[in-house]
Structure formats: structure tokens, C-alpha cells
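Read through the structure below, which is laid out as C-alpha cells, and then see the notes.
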Amino acid sequence: MELRVLGCGDAFGSGGRLQTSYLVEGAPNGDAFLLDCGATTMIALTKADIDPNAISTIYISHLHGDHFSGLVWFFLHAQHRAQRSKPLTVIGPEGVRDRVLQTAELLFPGMTETAFRFDLEFVEFGLGSAGTHRDIALTTFEALHPSGALSAMLRFQIGEKVLSFSGDTEWRDDLLSCAKDADLFICECYALQAGVRYHLDWETLSARFNDITARKIVLTHMNGAMLAASKTLSHPRVVFAEDEMVLSF
């Protein structure tokens, strides 16, 4: 399977990076899906010449704009440019449907009054096992990151592969459960040193690498200081994310 980094930046565009979004390809069911959909996702897909109609499902970790607001432009493109007819499912925390549609209506008044040419389904999850969608099983853990709704860490069982994602969060021991024996763990590392609330940092994570049993850890969502420091930091299981990076797992 492959993970394509469409955007690994923070909410402030540190380092000129695009906002959070990852494309996962190679699932046994033949589907491709997005993990988060920041505002710049359509830009990244277009730049990489990726057909958005090939994406069947979009998972959202939490309801901050740099993680979900790209859905608005994804829907617009699907309706007016891609002529999408294939159904699309958005899976996110409780409240995702209302938040997304409210945002769409604020940005493009009247958008939600027009019927889409494709079937759009919202599936909302709580904590724990969130069930199976198109042969992909999802388990959720609570993240410590206020967003006006549940913020979640996501763990996917995709055939024999496990992909985990921290979302945005301070350290919680549930991170260890989310990442346990994962083939790939996407983990935010916003800051170099501890002290930034509701986010992870290199100081905290590096002290726990022996406890994180994922086979490969991809650090992402870095601020300017962390980006600069990443050029001199290393660990045998750690990769520092870059926009357009492609990783096999």
C-alpha cells in the first residue's frame, strides 16, 4: 500500500506547506481514500494529476478548518468540473455533517440548496470501534485537542495492514494503543519542545519512541522551529513528512 502526502503543514502554512491531507492507495478492495481534507487538498490533487473521482471515502479526524474545510472545494469540483457520478462517503466525528454543510453555505451561499449529481453520505463516529466501511475497519481514540466536537486518533485495519493517525493532540497514553504494531503511524509533531497545549512535540515523542511500537513513524504538522530542527534530528524508525512524499507500507 502507499501513502501520498498531499499536505503536511500546520494551520499557519509554516514552511510553505499545504494543509493536512493524505491519500491512501492500494487497499485490497481497490479503493483510494483521503485521510483529512485541509483547505488546499484540491490544489494538491490537481498538482499531482490525481483524479478525485477515484477517491471513494474521506475520513476526517477532527473539525478544525485545516483538517476538513477542503471538503467544500472537493464537492464543488466534483459537481462542476469532475462531473462525478460515483458515490462519496465522508466519515468523521459526530457533528461532521452539520459543520461541513454550514461551512459550505457560508463560503458559497446557495451551495447546499442545489442537489449534487452524486450521492453524498455522511457517517459519524464516536469513540471505540467505529465499524467497517468498504472492508476497512476503523477504531477511534479520543484526542486532547478542543474543536467544538470530538477530536479523534484513527486506527485503520486494511486487509493485513494497519495505518494509524494521531490527528492533533497532546500526549495521551491512548496514542500507544492507536499506534500499536502499526505498519505506519502518522503522528503530528508540532513543536520542538514541550509546552504548546493540545499538540505533540519532539521532546515528548522522542522520550517515548521505545514505547511506540509502530514499524514506521511519519512526523507531520510541524511549526517553523520544528521544521528547522528536523534537518538535524533522526531516529531509525522516523521519517519527517514532506509535501508530495510517497511512502510504501
Side-chain angles (χ1 to χ4, degrees), residues 1-27 29-92 96-97 99-101 103-104 107-108 111-112 114 116-123 133-134 136 138 154 156 158 163 165 167-168 184 186 188 218 220-222 239-249:
M1 295 191 62
E2 286 190 341
L3 178 85
R4 182 183 296 269
V5 181
L6 299 176
C8 61
D10 59 13
F12 308 106
S14 296
R17 297 182 174 207
L18 300 182
Q19 291 183 352
T20 300
S21 189
Y22 305 93
L23 177 67
V24 182
E25 299 175 291
N29 65 7
D31 283 355
F33 67 87
L34 286 184
L35 181 52
D36 276 350
C37 191
T40 53
T41 299
M42 275 309 309
I43 296 171
L45 289 170
T46 302
K47 186 176 181 181
D49 196 26
I50 294 169
D51 180 7
N53 285 343
I55 296 165
S56 64
T57 309
I58 302 175
Y59 293 87
I60 301 297
S61 65
H62 67 285
L63 300 182
H64 278 154
D66 58 319
H67 291 259
F68 86 86
S69 67
L71 288 169
V72 176
W73 288 274
F74 194 99
F75 296 165
L76 278 177
H77 188 275
Q79 179 80 341
H80 299 293
R81 296 295 299 273
Q83 305 293 299
R84 186 183 183 105
S85 59
K86 177 180 178 179
L88 178 67
T89 302
V90 175
I91 300 177
V96 64
R97 181 185 184 277
R99 187 80 67 88
V100 170
L101 295 181
T103 302
L107 292 173
F108 296 96
M111 177 177 172
T112 61
T114 303
F116 290 137
R117 64 177 66 250
F118 57 95
D119 289 336
L120 174 63
E121 179 186 20
F122 286 92
V123 176
H133 176 74
R134 300 183 68 88
I136 296 174
L138 172 64
L154 308 178
F156 300 90
I158 311 167
L163 172 66
F165 178 40
D168 287 359
L184 188 65
I186 308 165
E188 79 136 344
V218 182
T220 184
H221 207 271
M222 294 174 276
V239 175
F240 295 96
E242 301 272 358
D243 287 1
E244 303 181 28
M245 176 183 283
V246 179
L247 296 167
S248 297
F249 66 97

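Aromatic ring orientation, His67 versus His62: tilted (interplanar angle from 30° to 60°).
Contact check for Ile50 versus Arg4: side-chain heavy atoms found under the 4.5 Å cut-off. No side-chain heavy atom of Thr57 sits less than 4.5 Å from a side-chain heavy atom of Val123. Looking only at side-chain heavy atoms (C-beta outward), Leu3 and Leu23 stay at 4.5 Å or farther from each other.
Taking CE of Met245 as the start and CZ of Phe240 as the end, the distance is 10.0 Å to the nearest 0.5 Å. One finds the CG atom of Leu71 at 9.0 Å from the OG1 atom of Thr103 (value rounded to the nearest 0.5 Å). Put simply, CG on Leu63 and CZ on Arg99 are 4.5 Å apart, with the number rounded to the nearest 0.5 Å. A distance of 9.0 Å separates CG of Leu247 from CD of Glu2, quoted to the nearest 0.5 Å. In this structure, CE on Met111 lies 8.0 Å from CD on Gln79, to the nearest 0.5 angstrom.
For Ser69 (side chain) and Asp66 (main-chain N/O), no donor-acceptor pair under 3.5 Å exists by modelled atom type. No donor-acceptor pair under 3.5 Å is formed between the side chain of Arg97 and the backbone N or O of Val100. Looking at Asp243, its side chain does come within 3.5 Å of a backbone N or O of Leu18 through a donor-acceptor pair. Side-chain atoms of Ser14 do not come within 3.5 Å of backbone N or O of Asp10 as any donor-acceptor pair. Looking only at distances, a side-chain donor or acceptor of Gln19 sits under 3.5 Å from a matching main-chain atom of Ala39.
Around the CG atom of Asn29, the shell of radius 6.0 Å holds more than 12 heavy atoms that belong to other residues, nucleotides or ligands. The environment of CZ in Arg117 is crowded: more than 12 heavy-atom neighbours from other residues, nucleotides or ligands sit within 6.0 Å. Summarising the local packing, CZ of Phe108 is surrounded by more than 12 heavy atoms from other residues, nucleotides or ligands at distances under 6.0 Å. Annotation: Glu244, atom CD; neighbour count of heavy atoms from other residues, nucleotides and ligands within 6.0 Å does not exceed 12.
In this model, a donor atom of one side chain and an acceptor atom of the other lie less than 3.5 Å apart for Asp36 and Ser61.
For the side-chain contact (heavy atoms from CB on, under 4.5 Å) test, residues two or more places apart in sequence or in another chain that qualify with Ser56 are Asp31, Lys86, Arg134. Every residue meeting the side-chain contact (heavy atoms from CB on, under 4.5 Å) condition with Leu120, not counting sequence neighbours, appears here in chain and number order: Phe75, Leu88, Val90, Phe116, Phe118, Phe122.
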Report the C-alpha separation of Leu6 and Leu45 in whole Å, then their side-chain angles, then the decisive distance to 0.1 Å, and conclude whether the side chain to side chain contact (heavy atoms under 4.5 Å, CB included) test is met.
CA-CA 7 Å; Leu6 299 176; Leu45 289 170; 3.7 Å; yes

Could you go through the side chain to side chain contact (heavy atoms under 4.5 Å, CB included) check for Thr220 and Tyr22 one step at a time?
CA-CA 11 Å; Thr220 184; Tyr22 305 93; 2.7 Å; yes

Go through the steps to decide whether Leu138 and His133 satisfy the test side chain to side chain contact (heavy atoms under 4.5 Å, CB included), and finish with yes or no.
CA-CA 8 Å; Leu138 172 64; His133 176 74; over 6 Å; no

Using side chain to side chain contact (heavy atoms under 4.5 Å, CB included), reason through Ile58 and Thr41 one step at a time and then give a plain yes or no.
CA-CA 11 Å; Ile58 302 175; Thr41 299; over 6 Å; no

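The shortest heavy-atom contact between Arg17 and Cys8 is NH1-SG, 3.3 Å. For the pair Thr20 and Gly9, the tightest heavy-atom approach, listed with the atom from each and the gap, is OG1-O, 3.5 Å. Across Cys37 and Ile60, no two heavy atoms sit closer than the pair N-CD1, 4.0 Å. Contact between Ala32 and Glu25 at its shortest, heavy atoms only, is CB-CG, 4.1 Å.
Of the options Ile136, Thr89, Leu34, a side chain to side chain contact (heavy atoms under 4.5 Å, CB included) to Tyr59 is made by Ile136 and by none of the others. Of the options Leu184, Val24, Leu35, a side chain to side chain contact (heavy atoms under 4.5 Å, CB included) to Phe156 is made by Leu35 and by none of the others.
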